[in-house]
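Step one of this worksheet: look at the structure below.
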Amino acid sequence: MSRKAVLLSARMATMSEGDTPYGLCQDAAIAVDGAKIVWVGEHQDLPPEYTDWPVEDFGERLITPALIDAHTHVVFGGNRAAEFEMRLNGASYEDIARAGGGILSTVNATRSASAKTLLADALTRVDALIAEGVSTLEVKSGYGLDSVTELKMLRVARRIGETRPIRVKTSFLGAHAVPPDYAECPDDYIRDVCIPTLRVAYVEGLVDAVDGFCEGIAFNPAQIALVFDVAQELGLPVKLHAEQLSNLGGAQLAASYGALSADHIEYLDAGGVSAMAKAGTTAVLLPGAFYTLRETQVPPVDLLRQHHVPMALATDCNPGSSPLTSLLLTMNMGCTLFRLTPEEALAGTTRNAARALGIKDAGSIAPGQRADLAIWNVTHPAELAYRVGFNPLHKRLFGGIE
Ligand code: DI6
Ligand code: FE
């Protein structure tokens, strides 16, 4: 039985590409048939075939596409509050990583946690995101660095989408850090652990995209390329943590594989920006990590604008560099720290976030799109990025269902 409804509201931000800021529409109507949007426009123009459908009137509220968090590490064991204290006492993120802490401390905690505990812990974070109108979530592996734990993480990520009304896109991040056993031979780790695990995970249907961390404290471009070659062979899209702490040319490498996204990119240069523009690679900006690490190098936002590289914004929710579970606060940080406009911030968590995940049926309000919608107690969309630590969500619809 299909559920049909017409949603009414004084304001709607469709976030469709076009000349109208936010795709703003007054006295809006959205006809929803089951999980899909079938008609969008001004209420007065509603075609006769929809006029006898049940109506839900949201009054003065604002309707936007539901939000999309395009870069998270929500599945992990333990936490790293002790490192937060160490950094406040002067240690740097890289010092801690080189001393065997950092990502590797979360690897130990994740290896020893049961799938049940990992899922329960992840859901506390996912629920916080859902409460702010998130309907699609990217989740990475990368805290296992052995076959058993990487697969465990990916299965837990899939369970999130089965346990909660949210769509999960998984990214295999076996090339996240060099495990201690392979400290002297990272190439062996890539060849003997990372790539074989990717192949197994792929066969199990656990991988939607392949990611890596291209950085001095992680893997060099040649090592990432070995993993990307396998992704390409399997027909999986790639994305990359690139230019977060230094510039190793990761974004250019990713672009050469037609990457969906290059993420972080504080140290991205003009060559990297134009390579991304040519490849259609989305820039995923992660102000939570910038803020937490007290980074001072801002991503080249003006250059990205000039080259029309779409910009997404994501939480990077992880226990080390971004213990952040608010996409609304991320939008505020994108504006305050990176000088994005509130419109760019909302595009970054809707239309462009969908792009970064290769999703075509969400991220804007248009016929044919999923009815993933957020209804807010605000009158103008700029209010979503403007407030700090405030959640004005009235209701979220996931495939038309509350
Ligand atoms: N960059 C990040 O921001 C996360 N991973 C990465 O490659 C942080 C991972 C962590 O510190 O646990
Ligand atoms: Fe990350």
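Just so you know, ligand 1 is whichever comes first in the structure, and atom 1 is the first atom listed for that ligand.
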Proximal ligand 1 atoms for Ser321, defined as those under 4.0 Å from one of its heavy atoms: 2 (C), 3 (O), 4 (C), 8 (C), 11 (O)
Arg167 side chain near Arg370 side chain, heavy-atom distance below 4.5 Å: yes
Within-4.5 Å side-chain heavy-atom neighbours: Leu145 and Leu104: yes
Element-labelled atoms of ligand 1 that are located less than 4.0 Å from some non-hydrogen atom of Ile103: 9 (C), 10 (C), 11 (O), 12 (O)
Which residue and heavy atom of the protein sit nearest atom 5 (N) of ligand 1, plus the separation: His176 NE2, 2.7 Å
Modelled atom types, side-chain donor and acceptor of Tyr182 and Asp187, under 3.5 Å: no
The Fe ion (ligand 2) to nearest N/O/S of His241 less than 2.8 Å: yes
Protein contact to atom 9 (C) of ligand 1 [nearest heavy atom, distance to 0.1 Å]: Tyr143 OH, 3.2 Å
Whether Glu150 side chain and Ser147 backbone form a donor-acceptor pair below 3.5 Å: no
Pair Arg80-Thr106, side-chain donor/acceptor within less than 3.5 Å: yes
Mode of Asp316 contact toward ligand 1 - side chain, backbone, both, neither (heavy atoms, under 4.0 Å): side chain
Protein residue, atom and distance nearest to atom 1 (N) of ligand 1, heavy-atom basis: Gln244 OE1, 3.1 Å
Proximal heteroatom of Asp316 relative to the Fe ion (ligand 2) (N/O/S): OD1
Over-ring placement of Arg164 relative to Phe398, 6.0 Å and 45° cut-offs: no
Per-residue contact class, Tyr93 against ligand 1 - non-hydrogen pairs under 4.0 Å: side chain
Inter-residue atom distance Ser364.OG - Arg351.CZ, 0.5 Å rounding: 8.0 Å
Per-atom contacts of ligand 1 with His264, taking only distances under 4.0 Å to non-hydrogen atoms: 1 (N), 2 (C), 3 (O)
Charged N-O contact under 4.0 Å between Glu56 and Lys395: yes
Ligand 1 contacted by Glu215 (non-hydrogen, < 4.0 Å): no
Which segment of His73 sits under 4.0 Å of ligand 1 when only heavy atoms are counted: side chain
Under 3.5 Å side-chain donor-acceptor pair for His176 and His241: no
Angle in degrees, rounded to 10°, that NE2 of His71 and NE2 of His73 form at the Fe ion (ligand 2): 100°
